Engineer: 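Let me begin by handing over the structure; questions about it come next.
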Amino acid sequence: MKPIIGITSNIRDEKLLTTGLSNIRAIVKAGGVPIVLPNLSEDSEVDRLVESIDGLLVTGGGDVDPNIFGEEPHPELGEVCPERDHFEIMMISKFLKLDKPILGICRGSQMINVSAGGDLFQDIYAQHDHQLLQHRQNAPRSHLTHFVDVDENSLLHQAVQSTRFKVNSYHHQAVRKVAEGFEVCARASDGIIEAFECKTHRFVLGVQWHPENLTDKNDIYSLKLFNAFVQACQF
C-alpha cells in the first residue's frame, strides 16, 4: 500500500490554510498519498494525526520564532506564526519518539533542528562577518543557482548518489548549532549548512533548498530525494 504522508501548512491572514501544490505533486510522483495537515494545538488531536500517517513532510514558509531557541527577535526577523511553530514542534517531537520518517524543507529543516534543541541564524547576512552567496535568488523557483557539497557517508548521499550538485535557494535564516544527535551532511561553498540528518533515526533529513520546486522539471537529485523519503515511509 502507498504510504500516507502528512504535509504541514501555512496560515495566511488568519483565514486560509495553504501549501504549495508542488509539495503535493512531489509526494504523488514519488508514490505517496499526501494529506495536508491543519495546525492543531491539542495533544490528543496531534497524537491521532501521528498515528494515522506514515511520514511527515515539514514544508517551507515564514520565519521561525527565535523565542523557541531562547533568543529575542533580530531586526531582520520576518513574519512568524506561533500557532504553526507549536504544531510542528509537537508533530516533529512525536515522530522522532516513534522513529517515523521526516523530511524537512527550508523552514521545515530549521523546525526539525530547533525542535530537537538546536538553534538558527535569524538572518545569515546580518549575523556573518564574511561575504555570502545569494541565498534568496532572484530567479524562478525551478532555477538551479548554487552548488551544495555532500558528505559521502550520509543518508543524503545514499539518497541522491552524488557529492555535488546544484540547488535553488530561498532563505535568509539557516541552521547555526545542529541539535545533539544530528550531523551536517551538506554545505554551500560559503559554509552555510544546506542539509543535516539524524544519526539515531532511520530517516530524518533536513534540506535548506526547495526540491519540491525542482521535481516538476524532473531534476534527478530532487526526484531521488523524494523517492528515498517515500520509500522509507513504507516500512
Side-chain angles (χ1 to χ4, degrees), residues 1-11 17-20 23-24 26-27 30-70 80-120 155-156 159 173 175 177-183 185 195-208 211-212 225-226 228-235:
M1 294 179 65
K2 293 183 176 182
I4 298 174
I5 313 297
I7 299 176
T8 63
S9 59
N10 288 308
I11 300 173
L17 196 67
T18 66
T19 192
N23 294 311
I24 293 171
I27 293 298
V33 177
I35 293 187
V36 178
L37 304 176
N39 293 279
L40 303 176
S41 59
E42 293 296 327
D43 193 67
S44 60
E45 297 170 344
V46 176
D47 279 338
R48 186 70 185 94
L49 276 183
V50 171
E51 289 172 10
S52 8
I53 59 180
D54 303 302
L56 180 65
L57 176 62
V58 193
T59 61
D63 284 2
V64 176
D65 186 348
N67 285 287
I68 296 170
F69 49 93
V80 299
C81 180
E83 185 178 345
R84 180 182 180 184
D85 289 342
H86 177 69
F87 171 70
E88 290 183 351
I89 287 172
M90 292 176 75
M91 288 293 293
I92 291 165
S93 299
K94 291 175 186 296
F95 259 70
L96 289 173
K97 187 174 181 179
L98 294 172
D99 196 18
K100 285 190 169 185
I102 310 174
L103 175 62
I105 292 174
C106 197
R107 168 204 153 87
S109 70
Q110 298 162 9
M111 284 302 301
I112 293 172
N113 189 51
V114 299
S115 296
D119 67 15
L120 307 175
L155 175 64
L156 178 59
Q173 294 194 313
V175 169
K177 183 187 74 176
V178 178
E180 186 176 350
F182 289 75
E183 290 183 6
C185 57
F196 64 95
E197 59 194 51
C198 186
K199 293 301 184 181
T200 58
H201 293 74
R202 57 195 179 93
F203 195 108
V204 178
L205 175 62
V207 299
Q208 188 58 68
E212 81 281 10
L225 176 57
F226 275 101
F229 169 55
V230 171
Q231 185 176 9
C233 296
Q234 293 177 321
F235 300 101

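Remember, it's a predicted structure, so these values are computed and weren't measured experimentally.
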Engineer: Using a strict threshold of under 4.0 Å (side-chain N to carboxylate O), is an ion pair present between D85 and R107?
Structural biologist: yes

Engineer: Tell me the closest heavy-atom pair linking K100 and V204, and the distance in Å.
Structural biologist: O-CG2, 4.5 Å

Engineer: Are any non-hydrogen side-chain atoms of F235 and R202 less than 4.5 angstrom apart?
Structural biologist: yes

Engineer: What distance separates N10 CG from T18 OG1, expressed to the nearest 0.5 Å?
Structural biologist: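 Separation between the atoms: 4.5 Å.
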
Engineer: Quick check: closest heavy atoms across L156 and C185, and the distance to 0.1 Å?
Structural biologist: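 L156 and C185 have their closest heavy atoms at CB-SG, 3.9 Å.
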
Engineer: Restricting to non-hydrogen atoms, name the atom on A179 and the atom on G118 that form the minimum distance, rounded to 0.1 Å.
Structural biologist: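 Of all heavy-atom pairs spanning A179 and G118, the closest is CB-N, 3.5 Å.
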
Engineer: Rounded at 0.5 Å granularity, tell me how far CG in N113 sits from CD1 in I68.
Structural biologist: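 So the CG of N113 and the CD1 of I68 are separated by 11.5 Å.
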
Engineer: When rounded to the nearest 0.5 angstrom, what distance separates CD in Q173 from CG in L120?
Structural biologist: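 Those atoms lie 6.0 Å apart.
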
Engineer: When you look at F226 and I5, which way does the side-chain contact (heavy atoms from CB on, under 4.5 Å) test go after all the steps?
Structural biologist: CA-CA 11 Å; F226 275 101; I5 313 297; over 6 Å; no

Engineer: Quick one: are F95 and I112 in side-chain contact, heavy atoms under 4.5 Å?
Structural biologist: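 A side-chain contact is absent here, since even the closest heavy-atom pair is not under 4.5 Å.
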
Engineer: With a 4.5 Å heavy-atom cut-off, do S52 and I4 have their side chains touching?
Structural biologist: no

Engineer: Going by heavy atoms in the side chains, are M91 and I53 under 4.5 Å from each other?
Structural biologist: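 Yes. Closest side-chain heavy atoms under 4.5 Å.
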
Engineer: Quick one: pull up CZ in F182 and OG1 in T200 and give me the separation to the nearest 0.5 Å.
Structural biologist: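 Taking CZ in F182 and OG1 in T200, the distance rounds to 6.5 Å.
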
Engineer: Can you name the nearest heavy-atom pair linking S93 to S115, along with the distance?
Structural biologist: OG-O, 4.4 Å

Engineer: Do P3 and V230 come within less than 4.5 Å of each other through their side chains, counting heavy atoms only?
Structural biologist: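 P3 vs V230: side chains touch.
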
Engineer: For L37 and S9, work out which heavy atoms get closest and say how close.
Structural biologist: O-OG, 2.7 Å

Engineer: Atom CG in N39, atom NE2 in H86: separation rounded to 0.5 Å?
Structural biologist: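 Spacing of CG (N39) from NE2 (H86) equals 10.0 Å.
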
Engineer: Which heavy atom of F229 sits nearest a heavy atom of L103, and at what distance?
Structural biologist: CE1-N, 3.6 Å

Engineer: If we only count heavy atoms from C-beta on, is the Q208 to F196 side-chain gap below 4.5 Å?
Structural biologist: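 No - every pair of side-chain heavy atoms lies 4.5 Å or more apart.
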
Engineer: Is the closest basic N to carboxylate O distance between E51 and R48 below 4.0 Å?
Structural biologist: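 Yes, this pair counts.
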
Engineer: Check the pair K94, D43 against side-chain contact (heavy atoms from CB on, under 4.5 Å), reporting the backbone distance first and the verdict last.
Structural biologist: CA-CA 10 Å; K94 291 175 186 296; D43 193 67; 2.9 Å; yes

Engineer: Counting C-beta onward and ignoring hydrogens, is there a side-chain heavy-atom pair between E183 and V178 closer than 4.5 Å?
Structural biologist: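 Counting from C-beta outward, E183 and V178 never come under 4.5 Å.
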
Engineer: First locate atom CD of E83, then atom CD1 of I11, and finally report the distance between them rounded to the nearest 0.5 Å.
Structural biologist: 3.5 Å

